[in-house]
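Report on the following structure.
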Amino acid sequence: MKNNHEERKKEFVLSEGQSDFVIGAVGLVFALAMIFLIIPGTIADVGKGFPGPRTLPNFYGWILLVLSCCMLFQASRKRKGKSKIYGRAEDTVTFDLEGVKRIAIVLAIIVISVVALNFLPYIPVTIALLFALMYVLGQRKILVLAGISVIPPIVIYFFFTEGLRLVLP
Amino acid sequence: MLDMLSMLGSGFLAVIMPGNFIYLLGGVALGLVMGAIPGLTATMAIALLVPLTMYLTPTQAVIMLLGAFNGGTFGGSISAILMATPGTPAASATVADGYNMALKGQAGKAIKTALIASVIGCLTACVLLVCIAEPVAKYALKFGPAEYTVLMVFSLTIIASASGDSIIKGLMAGIFGLIFGSIGVDPIETVPRLTFGSLNLASGIDVITMLIGSLALAEIFSQIEQFNKSTTSVMLPPPSCKDDDRFTLSDLKQTWKTMIRSAFIGSGIGALPGLGSTLAAWMGYDMAKRFSKHPEKFGTGYIEGIAGPEAANNAVCGSNMIPLLTLGVPGDVSAALIIGALMLQGLTPGPMIFREAPQDVYNIYAGVMMSNVVMAVLVFLTVKQFTKISKLQKNVVIPMVCMFCIVGVYALNSTLFDVAVMLFFAVLGYFMSKFHFPPACMLVGFILSPLLEKYFRQAMTISRGSFSIFFDGALVWVIWTITALSMFTIIRSKYVKYKERKKATAV
């Protein structure tokens with residue numbers, strides 16, 4: 001029982017109705033932002049006939065608005081329980097909080113290494129990236145950590161720069 | 001007919017000449033390796049090879065790229081089977097059954113099933129290509145922007161079919177794809193759109209960046225979420241008997257109908273512009289499941305669940321040459337790269353190529369067919385080497401994949417901005433998969449967006465702003481009718497599913 005409780009505490013679960021509500025709300029906000037802020041702010045009005053540069057993006061924005069409203073309507077139906085066919089397990093959204101934390105760490109490591117590539121060469125940055133990622137994911141064998149984080153970046157570097165004549169940082 | 005066969009024979013002779021064959025072999029081998037490594041796609045293999053084609057003859061260039069495309073499309077299924085990580089998006093439908101077979105000790109059988117299905121799929125598509133490309137090209141000379149616009153609308157209807165249980169989610173994903181596809185400089189007025197002042201976005205978002213982010217890296221994030229530190233090793237069990245490692249006659253008897261059906265589905269999808277092998281694979285899987293005697297076994301390591309998507313996705317390699325050669329329209333991103341390579345060679349894909357360089361066209365046909373033979377031999381010889389990948393630990397593989405994703409995206413344009421865009425799509429793709437959004441719909445929208453806009457605006461310019469151009473002429477009406485039929489079929493099947501679910505819940 002205690003274990004079950006602990007398992008549950010580690011997860012963040014949205015029911016199908018809640019997840020549809022989130023999708024609808026995000027879509028609605030994005031659609032409104034597209035129509036009233038992003039398109040007027042980022043696409044110049046060339047003032048010439050139809051269709052112009054704004055035509056299709058505006059059209060997409062309005063369709064998204066309609067679809068988001070449909071999604072919100074669907075979500076409200078599900079939350080009120082009017083429809084009997086919902087509530088299938090595969091349609092709920094579950095976040096494993098430990099897993100999400102791991103993703104955030106991995107993402108942070110990748111972002112740091114991408115930023116570092118602006119200032120440092122490819123090989124040392126990638127060695128550090130591989131070492132850090134493997135360590136975060138639980139690899140503790142020093143030979144594996146050293147071998148995998150050093151050899152592949154060097155091989156890849158020479159394959160791209162010498163074999164394919166592509167420039168790496 | 002005799003002329004056609006004679007030119008095809010000459011094409012085969014040209015392809016097996018050592019000077020040409022070596023490029024075919026190299027293309028297939030590179031495609032296989034890159035396809036098998038998650039994050040590196042067939043498209044990326046082609047993209048890396050395109051600059052090299054400048055130093056080759058048209059035949060050498062195109063057969064090398066087609067070999068890489070075919071090998072890469074199949075190669076993706078190797079990691080899908082051994083690691084549950086699709087090497088290419090097209091192999092995503094193979095994961096469920098392929099990996100479950102591998103967990104039962106049937107990795108060898110799964111890979112060989114995928115190989116045979118891929119070869120059958122591609123060869124079927126090649127036969128169709130040879131038979132119908134030239135007549136279509138003659139007909140296509142009559143197409144204008146209005147016809148192309150309606151054709152794009154028809155291609156967009158596929159979003160509804162790929163949208164899983166919720167058409168609304170599918171359409172929303174498609175709209176997001178269309179919006180992302182319209183980022184960049186306006187094709188007619190040349191004003192920046194949705195770029196937020198960034199020069200890096202002026203040429204739009206690179207489709208490969210988006211693909212790697214929203215499919216490969218997003219998948220890696222999902223794997224990291226479910227990653228258990230205590231089970232760091234992905235050890236697949238060895239085969240329990242000889243048949244677990246072989247594709248037997250009884251397997252062929254069980255799967256040949258699925259393979260042929262999926263080959264035709266893949267050929268049909270590949271022949272339609274903008275859809276591509278990922279969608280073909282999912283449709284092949286879906287149809288295999290629908291027509292199977294044991295649909296309940298799909299997803300548990302069932303051989304038909306591999307034969308269906310694999311025959312369909314490799315059929316695209318052959319059939320996407322149909323719109324490419326006949327209409328000059330790329331069937332997918334890889335085809336767009338092949339168009340670029342042909343143009344580097346001074347050849348303009350489209351109906352005129354059949355008059356200007358007919359032998360090159362037949363060399364391409366022969367090259368696609370031969371790439372299957374080369375791929376089959378290579379894989380049968382090296383299958384044991386590929387299975388060694390299964391011994392790699394997940395906490396080693398995942399960082400390696402991240403590294404390949406970063407270096408692959410960086411290598412496209414030598415800019416770290418693309419890597420940042422990839423990370424954005426990775427996070428978006430992760431949340432999309434969490435909320436059951438079908439990524440294929442976003443990709444379809446993204447690929448079709450610039451084509452739809454180009455033809456729509458050209459047509460509107462010709463008609464001086466009147467929509468009547470889209471309803472003028474028999475050809476347009478034929479495409480509208482096909483579109484309506486397609487929509488009707490899709491909505492009907494969704495409605496039937498909805499009713500079935502309702503009935504099941506009531507019981």
Side-chain angles (χ1 to χ4, degrees), chain A residues 19 22-23 27 34 38-39 42-44 46 48-54 56-57 60-61 63-64 67-68 70-71 74 84-85 90-91 93 95-96 99-100 102-103 106-107 110-111 113-114 117-118 122 126 129-130 133-134 137-139 144 148-149 152-153 156 160 164-169, chain B residues 48 51-52 165 168-169 171-172 175-176 178-179 182 186 188-189 191-197 221 224-227 229-230 232 393-396 398-400 402-404 406-407 410-411 414 416 419-420 423 426-427 430 434-437 449 452-453 456-457 460 465 498 501-502 504-506:
Chain A
S19 78
V22 171
I23 294 166
M34 270 289 288
I38 300 172
I39 294 173
T42 62
I43 307 177
V46 290
K48 288 186 220 163
F50 176 84
R54 287 181 177 186
L56 282 180
Y60 301 148
I63 294 182
L64 188 61
L67 291 170
S68 303
C70 291
M71 195 51 109
Q74 192 173 293
K84 302 279 182 197
I85 64 160
E90 70 267 27
D91 280 346
V93 178
F95 290 94
D96 174 352
V100 172
R102 228 169 11 243
I103 293 172
V106 167
L107 192 61
I110 295 175
V111 169
S113 66
V114 171
L117 280 170
N118 284 301
Y122 172 80
T126 312
L129 167 76
L130 283 176
L133 289 181
M134 280 191 287
L137 295 176
Q139 181 59 256
V144 177
I148 299 293
S149 57
I156 291 292
F160 273 81
L164 298 171
R165 302 272 166 209
L166 292 168
V167 181
L168 289 179
Chain B
L48 293 174
L52 307 178
D165 284 343
I168 300 177
K169 281 184 190 174
L171 290 174
M172 283 177 86
I175 290 291
F176 277 117
L178 286 165
I179 291 169
S182 40
D186 179 74
I188 293 175
E189 304 290 349
V191 294
R193 292 192 309 180
L194 311 173
T195 60
F196 298 93
F221 285 170
I224 290 171
E225 187 189 354
Q226 291 144 21
F227 185 80
K229 283 181 187 175
S230 59
T232 50
Q393 292 181 321
K394 218 170 183 180
N395 57 15
V396 171
I398 288 175
M400 293 279 284
C402 291
M403 182 191 71
F404 278 117
I406 293 169
V407 75
Y410 179 84
S414 299
L416 288 169
V419 182
L423 291 175
V427 175
Y430 167 74
K434 276 279 158 195
F435 283 89
H436 310 289
F437 269 92
S449 180
L452 173 69
E453 176 149 29
F456 171 72
R457 289 173 69 178
M460 292 301 279
Y498 171 85
R501 259 198 343 249
K502 203 171 178 181
T505 317

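For the numbers below, each heavy atom of this structure counts, side chains included, while hydrogens, waters and symmetry mates do not. Letters A, B, ... mirror the listed sequences (proteins, then strands); counts begin at 1.
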Given heavy-atom pairs under 4.5 angstrom as the criterion, report whether the side chain, backbone, both or neither of B:Ile188 touches chain A.
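Contact with chain A involves no heavy atom of B:Ile188 at all.
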
Is there side-chain contact between [X] and [Y], with at least one heavy-atom pair below 4.5 Å?
X	Y	value
B:Met403	A:Ser149	no
A:Leu117	B:Tyr410	no
A:Ile43	B:Leu194	yes
B:Ile398	A:Leu133	no

[atom1] of [X] to [atom2] of [Y]: how many Å apart, nearest 0.5 Å?
X	Y	atom1	atom2	value
A:Cys70	B:Met172	SG	CE	9.5 Å
B:Glu189	A:Arg54	CD	CZ	12.0 Å
B:Ile175	A:Ile63	CD1	CD1	4.0 Å
B:Phe221	A:Ile110	CZ	CD1	5.0 Å

Any idea which heavy atoms bring [X] and [Y] closest together, and the distance?
X	Y	result
A:Gln74	B:Ile168	OE1-CD1, 3.4 Å
B:Asn395	A:Gly138	ND2-C, 3.6 Å
A:Leu137	B:Ile224	CD2-CG2, 4.2 Å
B:Phe437	A:Ile23	CZ-CG2, 3.3 Å
B:Pro399	A:Met134	CG-CG, 3.5 Å
B:Ile179	A:Met34	CG2-CE, 3.8 Å

Measure [X] against the heavy atoms of chain B and call it side chain, backbone, both or neither at under 4.5 Å.
X	answer
A:Ile103	both
A:Tyr122	side chain
A:Val106	side chain
A:Leu129	side chain

Using a 4.5 angstrom heavy-atom cutoff, name the option from A:Leu64, A:Ile39, A:Val111 with the most pairs to chain B.
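Heavy-atom pair counts peak at A:Leu64.
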
Heavy-atom pairs under 4.5 Å with chain B - which of A:Leu56, A:Val22, A:Val144, A:Ile38 has more of them than the others?
A:Leu56

